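Below: the structure, in structure tokens.
Because the structure is a prediction, the values reported are computed rather than measured.
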Amino acid sequence: MKTYLILNQNNENGFSAIIMVVILMVIGLLLLTGFNQLLISLHKTIAMETRYYQRFNQASSALNWALTQDWQTPTDQWQCLTDTKYQLKACLKKSQLKVDNYQLLRGEADGFFLYSLAHFKGTKLVVEKGHWLDYCPEKRSSDCE
């Protein structure tokens with residue numbers, strides 16, 4: 001004898017409700033996963049920008065600190081001074097630019113460099129307004145290393 005499964009109206013409505021709940025749960029899971037990925041991406045971006053600004057400020061502080069130091073006459077090679085207390089490092093060399101006998105001053109922070117064109121006034125460096133640079137002004141990149 002064959003047995004047939006007969007579904008009544010109440011069983012069909014219950015099954016449809018279960019399917020609807022599962023679909024809504026899947027959609028909710030997809031939305032939460034998407035928001036989680038967005039938050040992870042924003043967190044990485046904020047961490048990278050925070051690191052950039054820390055290095056930028058450290059290099060900028062090194063440039064300002066370098067202006068207060070006594071320097072020897074620069075040569076074609078970098079001469080560097082460091083401050084271990086504040087972890088500042090600044091380097092100076094004779095610029096290859098043909099105008100105004102500039103010296104190239106570099107502030108360093110963990111592989112990040114800021115530059116400034118300066119000239120000597122006695123043993124102190126003086127930077128004129130507008131000579132701060134976030135790139136090396138030398139024509140050859142080897143002159144910046």
Side-chain angles (χ1 to χ4, degrees), residues 5 7-145:
L5 180 62
L7 296 175
N8 63 23
Q9 188 65 25
N10 290 338
N11 286 341
E12 290 176 4
N13 286 342
F15 186 71
S16 298
I18 290 173
I19 294 296
M20 186 58 70
V21 168
V22 169
I23 289 173
L24 288 174
M25 287 176 56
V26 168
I27 290 172
L29 182 63
L30 290 173
L31 286 172
L32 287 174
T33 303
F35 284 133
N36 185 43
Q37 292 297 323
L38 179 64
L39 286 174
I40 289 171
S41 174
L42 290 174
H43 179 62
K44 286 180 183 178
T45 301
I46 290 170
M48 286 178 7
E49 287 185 11
T50 300
R51 179 76 176 128
Y52 168 81
Y53 284 116
Q54 287 172 341
R55 292 168 54 195
F56 178 89
N57 289 334
Q58 188 76 11
S60 180
S61 294
L63 280 178
N64 288 327
W65 170 77
L67 297 177
T68 65
Q69 304 304 305
D70 291 325
W71 292 89
Q72 297 177 359
T73 305
T75 63
D76 290 336
Q77 301 298 318
W78 289 106
Q79 57 174 297
C80 298
L81 296 176
T82 58
D83 182 316
T84 54
K85 181 178 179 183
Y86 296 108
Q87 299 177 348
L88 301 174
K89 182 177 181 182
C91 299
L92 180 71
K93 74 179 258 185
K94 187 175 180 181
S95 176
Q96 301 297 320
L97 298 174
K98 301 296 182 202
V99 293
D100 293 335
N101 195 25
Y102 282 121
Q103 314 308 317
L104 185 59
L105 183 61
R106 178 175 74 191
E108 299 182 20
D110 198 22
F112 184 85
F113 304 109
L114 291 177
Y115 297 90
S116 188
L117 293 173
H119 62 274
F120 273 105
K121 191 173 199 176
T123 59
K124 300 286 186 187
L125 288 171
V126 177
V127 176
E128 297 173 12
K129 186 176 180 178
H131 287 142
W132 173 88
L133 304 164
D134 57 354
Y135 62 92
C136 183
E138 302 293 344
K139 291 181 181 180
R140 296 182 307 177
S141 62
S142 61
D143 290 335
C144 299
E145 299 170 358

Nearest heavy atoms of [X] and [Y], plus distance in Å:
X     : Y      : value
Arg55 : Ala109 : O-CB, 3.3 Å
Gln79 : Gln72  : NE2-O, 3.3 Å
Trp65 : Thr82  : CH2-C, 3.6 Å
Leu63 : Gly107 : CD2-N, 3.4 Å
Ser60 : Leu114 : N-CD1, 3.6 Å
Ala66 : Leu125 : O-CD1, 4.5 Å

Once the angle between the rings of Tyr102 and His119 is folded into 0 to 90°, is it parallel (under 30°), tilted (30 to 60°) or perpendicular (over 60°)?
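Judged by the thresholds at 30° and 60°, the geometry between Tyr102 and His119 is tilted.
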Heavy atoms, side chains only, cut-off 4.5 Å: are [X] and [Y] in contact?
X      : Y      : value
Gln96  : Asp76  : yes
Leu105 : Tyr115 : no
Lys124 : Asp70  : yes
Phe120 : Asn101 : no

Say you draw a straight line from [atom1] of [X] to [atom2] of [Y]; how long is it, rounded to the nearest 0.5 Å?
X      : Y     : atom1 : atom2 : result
Gln103 : Thr75 : CD    : OG1   : 10.0 Å
Gln69  : Leu67 : CD    : CG    : 9.5 Å
Phe56  : Ser61 : CZ    : OG    : 10.0 Å

Does Asn57 use its side chain to pair, donor to acceptor, with the backbone of Tyr53 at less than 3.5 Å?
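Yes: the side chain of Asn57 pairs with the backbone of Tyr53.
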Solution key, residues 84-93 side-chain donor-acceptor pairs under 3.5 Å, sequence neighbours excluded:
residue : atom : partner : partner atom : Å
Lys93   : NZ   : Asp143  : O            : 2.7

side-chain contact (heavy atoms from CB on, under 4.5 Å) partner of Thr33, chosen from Leu31, Leu30, Asn36, Leu29
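Passing option: Leu29.
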List the steps and the verdict of side-chain contact (heavy atoms from CB on, under 4.5 Å) for Leu117 and Val127.
CA-CA 6 Å; Leu117 293 173; Val127 176; over 6 Å; no
